[in-house]
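Numbers restart at 1 for each chain; the letters A, B, ... are given by sequence-line order, proteins then strands.
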Amino acid sequence: MPELPEVETIRRGLEPLLTGRRVTGVEVRERRLRRRVAPAMLCRLRGAAVVGIRRRSKYLLLDTDAGLTLLVHLGMSGRLWVSDAARPARPHEHVVFTLDDGRTLRFADPRRFGLVEVVPSGRVAAHPLLRAIGLEPLGDEMSGGRLRAATRGRRKPVKNFLMDTRAVAGVGNIYACEALHRAGIHPRRAVGRMGPAAWDRLVAAVKAVLAEAIDAGGTTLRDYFNAAEEAGEFAVALRVYDREGEACRRCRGRIRRVVLAGRSTFYCPGCQR
DNA sequence: AAATGAACCTGTTTGC
DNA sequence: TGCAAACAGGTTCATT
């Protein structure tokens, strides 16, 4: 489901709802997520107050004054939102935190590819799931020059490179396709064969599409909803993703779908070389 | 070393 | 209509 813009939208929505709130209860209904949930560890959050919420790649990090951080990943179908305690449970609502204001923070995930875990705050950066994550595309650390230097001599298709979280954080299938279309680069282009100008265009396109998607509150195709259970509006702005056979908005050619590394890949043969 | 495919899951859509 | 296959926003492991 969610890529960087969706996770960031949830983060921004949760921040005012959770900051300063104390956890009064923890309920684990399903332990079988991507990693087995340890209820005893989650229960250590009881009594802790949320002091801030960070995002790293597609992970949400909820820091508390107990020196513990709640790590949440939404996988493909996960949701994380705040609602009144009296609201009936959704299907697949696996973890529920009760708050001191009568509301609840709930995690639901039909496919169970997501995860919920408590980590000592000091060890978040060194956590096995976060340690090897690559450059954050928002902010200044990611540049065309840096990506080009990292890929010299490699033949990996550029789309697969963008989606490799060890290289670039937070870019998934939708935004990889969208950024490549904006940059006019074919998804199969070998990273080692891209010149400085192409890398600069690509980095600019990644940053732009992510920023615009965040402004629109993310892309809702089916499952994604923000912290207040509202849909995102970016689906109408997609230029290639899920538009096979439709007209390219730029050249009027037909959008094509191919499979790369097992994932549907949408591009315009006229605009992308 | 690097790239692909399979696996982990359930729900929805598509095609015969 | 009904059933089966294909497919879905992610990540990780095994296999070429």
If C:dG9 has a Watson-Crick or G-U wobble mate with both distances under 3.5 Å, name it; if not, just say none.
none
Considering only side-chain heavy atoms of A:S264, which listed nucleotide, C:dA8, C:dG9, C:dT11, is closest?
C:dA8
Would you say the base of B:dC8 stacks on A:F113 (centre-to-centre below 5.5 Å, plane angle below 30°)?
yes
If I pick the P atom on C:dA14 and the same atom on B:dC9, what distance separates them, to the nearest angstrom?
16 Å
Euclidean distance, atom CD1 of residue A:I174 to atom C1' of C:dC7 [Å, nearest integer]:
14 Å
Can you see if the side chain of A:R166 gets near the phosphate of C:dT11 - specifically, an N or O under 4.0 Å from OP1 or OP2?
no
Work out how far the C1' atom of C:dG9 is from that of B:dA3, and round it to whole angstrom.
23 Å
Geometric class of the A:F107/A:H94 ring pair [parallel <30°, tilted 30-60°, perpendicular >60°]
tilted
Between C1' on C:dG9 and NE2 on A:H73, what's the gap in Å once rounded to a whole number?
10 Å
With a cut-off of less than 4.0 Å, is there a side-chain N or O of A:H92 near OP1 or OP2 of B:dG11?
yes
Between C:dG10 (C1') and A:L162 (CG): distance, integer Å:
16 Å
What pair of heavy atoms forms the shortest contact from A:T19 to A:V51, and how long is it?
CG2-O, 4.1 Å
When the distance from CZ of A:R263 to P of B:dA6 is rounded to whole Å, what number comes out?
14 Å
From CZ of A:F266 over to P of C:dC7, roughly how many Å is that when rounded to an integer?
10 Å
Pick out which of A:V28, A:V95, A:V26 makes a side chain to side chain contact (heavy atoms under 4.5 Å, CB included) with A:P39.
A:V28
With nearest nucleotide decided by heavy atoms, which residue, A:R111 or A:L129, maps closer to the 5′ end of DNA chain C?
A:R111
Salt bridge or not between A:R56 and A:E136? Use side-chain N to carboxylate O under 4.0 Å.
yes
So which one's nearest nucleotide on DNA chain B is more toward 5', A:R154 or A:R222?
A:R154
Looking only at atom P, what distance separates C:dA6 and B:dA6, rounded to whole Å?
12 Å
Interatomic distance where CG belongs to A:L260 and C1' belongs to B:dA2 [whole Å]
15 Å
Taking OP1 and OP2 of C:dA8, is either one under 4.0 Å from a side-chain nitrogen or oxygen of A:N173?
no
Look at the side chain of A:R155 against the base of B:dA2 and say whether a donor-acceptor pair falls under 3.5 Å; ignore hydrogens and angles.
no
Short side-chain N/O contact to C:dG9 OP1/OP2 from A:Y175, under 4.0 Å:
no
Pair A:T69, A:S121: side-chain N/O donor-acceptor within cut-off below 3.5 Å
yes
For A:W81, does the six-membered ring have the charged nitrogen or CZ of A:R87 within the cation-pi criterion, i.e. under 6.0 angstrom from the centroid and within 45° of the normal?
no
Calculate the interatomic distance between A:L33 atom CG and C:dG10 atom P; express it in whole Å.
18 Å
For A:S83 against A:R106, the heavy-atom pair lying closest together:
OG-NE, 3.2 Å
Among the nucleotides C:dT11, B:dA3, C:dA8, whichever has the atom closest to the side chain of A:K58 is C:dT11
Return yes if the base of B:dC9 and the side-chain atoms of A:R112 contain a donor-acceptor N/O pair under 3.5 Å, otherwise no.
no
Taking a pair to mean Watson-Crick or G-U wobble geometry with both distances below 3.5 Å, B:dC9 pairs with none
I want to confirm an ordering. Mapping A:R257 and A:G170 to their closest nucleotides on DNA chain C, which one lands closer to the 5' end?
A:R257
What is the nucleic acid contact for A:D109, judged by heavy atoms within less than 4.0 Å: base, sugar-phosphate only, or nothing?
nothing
Expressed in angstrom and rounded to an integer, what is the separation of A:L71 atom CG from C:dT11 atom P?
12 Å
Quantified in whole Å, what is the P atom distance between nucleotide B:dT10 and nucleotide C:dT1?
28 Å
